[in-house]
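Here it is, the structure in full.
Residue numbering restarts at 1 for every chain, and letters A, B, ... go by the order of the sequence lines. Just so you know, these numbers come straight off a predicted model, no measurement behind them.
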Amino acid sequence: MISCRNITKVYVNDGMETPVLKEVSFDVNDGEFVAIMGPSGSGKSTLMHILGALDAPTSGTYVLDNNDVSKLSDDELADVRRNKIGFVFQSFNLLSRATVLRNVALPLTYAGVPKEERREKAAQALIATGLPEDRWDHLSNQLSGGQMQRVAIARALVNNPSIILADEPTGNLDTKTGEIVLDTFQKLNRGHKHTIVLITHELYVAEHADRIIHIRDGSILSDEKNLNKRIISHSS
Amino acid sequence: MKASDIFEETYSSLTVNKARSGLTILGIVIGIASVIALVAVGQGAQGSIKSSIQSIGSNLIIVVPGASRNLGYGVSSGRGSAQTLTPEDANAISQVDGIAAISPEVSGRYQVVSRGANTNTSIWGVTPAYPDVRNVQVDQGVFVTAADLSAINRVAVIGPTVLQDLFGSKDSTATTDQAIGQTIRIKGTEFKIVGVTKSKGGSGFNNQDNIIYVPLTSAQRYLVGSRAYLTEVDIEAQDEQSMTNVQNSVTNLLLQRHNISDPTQADFNVLNQADIVAAASSVTGTFTVLLGAIAGISLLVGGIGIMNMMLTTVTERTREIGLRKAIGAKKKDISFQFLSESVALTFSGGVVGVIFGWLTAWLITQFSGIVTQVSVSSVALAFGVSAAIGIVFGYYPARRAASLNPIEALRYE
């Protein structure tokens, strides 16, 4: 589970201090599907970087699965990212010259998983995202946007992380393919097996989560259960 | 990350842009190939000079008289021209420990006339010990014998060049049969040809085939007209180790016999074959280093090409590096990946370069006749250098990649 206490982040540029996050505190329980929502400049990206162990807060504590992540070195942060966090980016960030399977298995090479197991695990992750098997040996740049994002989700899933962090995952997709991606997240969350933190600026996208945290000017505006959740498909 | 994974990553990223990788490798190929080929030329020259010096005999020590000089600041006729080396000196030298054979000689250049032709060549008065000491072999006939020496026989053994000059014509090569038994006139005295030596090679000023050998006693009586001095004494030491000792003993003996107290004023020179080889080797060694250094410049340029390509690659793949860091790659994973790419480039360049260099050396030998010698050490060095270039020139780009901030790298457009 995630526990943030009084997270503050201040960027210093030419002696000018710019506070981006101010005393942000919240918890995310295992198996929750949370959307963090806010306009650009609200500090939601910075919050995601801290949650994703890409950056350290200026002050405050960030505890992930009972480990204090806020004061680790670069290499220790890399370990946390490798074992606990799966990223899904707006621009997919797939290796275009590699096949779907190799893209999905990439985190496993850094985790030292033996080669024979990698295909197996990658296949499981791809099945979970619902990408048809006849696409698995395609190069990733031969896929459509929705398919690429599902490959990216499979890559985030493959090492069985504690949380999946999705940064504007539908930002580069049209509404219809965006819904396919959101549907994939909802299916993964069903049974509360994966914790998902979705970062977005669109209310429509945020409404696919169970809980919405509104953030503005570096502070939490509201944090409440999503009462009118949009569900795309009921079948699994 | 495991080695096999790094290898796979390296292979796939280098094959993405084959033209660029190929051209970068070409820089290293040219560098390594030119190092191999030019060092082969240098070492070939070294080898052939060494073997031509060694062909004049083995464990050879040569004693020659010093310059003849009038008292005061007179005209010097050059080293070897003095008449200070006597047959008695030679007898005394033969008593020195560690000597296997000794060959006293007189020599001079004279006009030689056969029935239809004439030439001017060096005539050497020698003893039967000469062929052993100076490594001369008789092709046909016999060499100067002890009987010739004591009977002061007017016999001659000629070299292949003399044979051709006296008995050959523009169109035909002279055969030894034509010459043996014939009579030639040297400085007006008739000598009968009894043998022809095998070719020893050498050319120009140092043609060891343009020589006529006659008995020492005959040369003294009919050609030089004096029994008082020798032109040269050749000594064969028993083995390589005793050469320095023999050289020192001979020097001391002659200093004593000639009543000279200051060795710098000696009226003779004792030359050690090993010294001659060493001197010649140091010249060709310098030559080899020079050639290698010139080729090394092209290798350096190739290395800079590698660095340039790697820096471009790092910039192009900034987002990929950011992604790899986001999914858990550590600094050392990233730097190993890029370092292995540059080493793979230089190493494959090294392999191809060695093959090309070898081929070039072979072609040089085929078409220009220059002896080349590709040594195992230069091949090993080329491999080592190419891998080292990969590390040296790949280190900076790899470090730059590894130290990228993942957040900024992911945002990079």
Side-chain angles (χ1 to χ4, degrees), chain A residues 9 11 45-46 48-56 73-99 102-115 118 139-141 152 154-159 161 164-165 167-168, chain B residues 1-22 309 312-341 344 398-413:
Chain A
K9 182 74 184 178
Y11 286 116
S45 289
T46 305
M48 191 211 75
H49 292 147
I50 290 170
L51 291 180
L54 287 166
D55 206 352
S73 71
D74 280 0
D75 276 355
E76 287 166 328
L77 285 175
D79 279 331
V80 170
R81 293 196 293 269
R82 196 176 67 202
N83 299 322
K84 305 265 181 194
I85 294 159
F87 284 98
V88 178
F89 301 98
Q90 178 175 359
S91 50
F92 324 131
N93 281 325
L94 299 177
L95 303 184
S96 56
R97 57 177 192 276
T99 62
R102 244 193 91 202
N103 264 296
V104 174
L106 192 62
L108 300 175
T109 63
Y110 291 110
V113 174
K115 221 167 184 171
R118 285 185 212 159
L139 292 182
S140 62
N141 56 7
R155 182 181 63 195
L157 273 180
V158 74
N159 208 19
I164 294 174
L165 276 176
D167 184 14
E168 302 276 10
Chain B
M1 220 177 174
K2 290 180 193 141
S4 63
D5 291 326
I6 289 186
F7 187 78
E8 215 169 292
E9 293 278 352
T10 303
Y11 178 79
S12 73
S13 34
L14 291 182
T15 46
V16 165
N17 205 331
K18 291 195 186 72
R20 190 205 279 171
S21 302
M309 168 179 166
T312 313
T313 308
V314 168
T315 309
E316 278 180 356
R317 287 159 66 188
T318 300
R319 283 174 73 96
E320 178 195 323
I321 294 163
L323 170 83
R324 287 176 185 275
K325 289 196 137 187
I327 61 175
K330 293 187 181 168
K331 274 189 176 178
K332 75 172 198 320
D333 292 323
I334 302 289
S335 62
F336 267 154
Q337 185 187 343
F338 282 90
L339 210 52
S340 93
E341 276 179 35
R399 250 199 50 174
R400 202 149 119 162
S403 59
L404 283 175
N405 179 329
I407 299 168
E408 280 160 25
L410 280 166
R411 276 204 201 118
Y412 184 84
E413 292 298 330

Could you tell me whether the side chain of L323(B) reaches within less than 4.5 Å of the side chain of F89(A), counting heavy atoms only?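 Sidechains of L323(B) and F89(A): in contact.
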Side chain proximity check, P406(B) to H49(A), heavy atoms < 4.5 angstrom: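 No - every pair of side-chain heavy atoms lies 4.5 Å or more apart.
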Between S12(B) and R102(A), what is the shortest heavy-atom contact and its length?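 Shortest heavy-atom contact: OG-NH1, 3.5 Å.
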Could you measure the distance from the CD1 atom of I407(B) to the OG1 atom of T46(A)? Nearest 0.5 Å is fine.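 Here the interatomic distance stands at 7.5 Å.
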Answer whether the closest heavy-atom distance between the side chains of D74(A) and K325(B) falls below 4.5 Å.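 With C-beta onward as the side chain, the pair stays apart.
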Could you tell me whether R319(B) atom CZ has more than 12 heavy atoms of other residues or ligands within 6.0 Å of it?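 Check passes, neighbour count above 12.
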Using non-hydrogen atoms and a 4.5 Å limit, figure out which bit of S96(A) sits close to chain B: side chain, backbone, both or neither.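 No part of it gets close to chain B.
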Within the 4.5 Å heavy-atom criterion, are R81(A) and K330(B) side-chain neighbours or not?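 The answer is no; the side chains never approach within 4.5 Å.
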Which atoms of Q337(B) are under 4.5 Å from chain A, going by heavy atoms: the side chain, the backbone, both sets, or neither?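 The side chain, not the backbone.
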Beyond-backbone contact of R324(B) with T109(A), side-chain heavy atoms, under 4.5 angstrom: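 With C-beta onward as the side chain, the pair stays apart.
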So how far is it from E320(B) CD to L95(A) CG, rounded to the nearest 0.5 Å?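 It is 5.0 Å, given to the nearest 0.5 Å.
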Which one wins on heavy-atom pair count under 4.5 Å against chain A: S13(B), S4(B), G322(B)?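 Winner by heavy-atom pair count: S13(B).
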Residue V113(A) versus chain B: region with a heavy atom under 4.5 Å: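 The backbone, not the side chain.
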Taking D333(B) first and then R82(A), would you say they form a salt bridge - that is, a charged N and a carboxylate O separated by under 4.0 Å?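 So D333(B) does not pair with R82(A) through a salt bridge.
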Look at atom OH of Y11(B) and say whether more than 12 heavy atoms of other residues, nucleotides or ligands are closer to it than 6.0 Å.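 No, because the 6.0 Å sphere around OH of Y11(B) holds 12 heavy atoms or fewer from other groups.
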Considering non-hydrogen atoms only, spot the tightest contact between Y110(A) and A329(B) and give its length.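 Shortest heavy-atom separation between Y110(A) and A329(B) comes out as CE2-CB, 3.5 Å.
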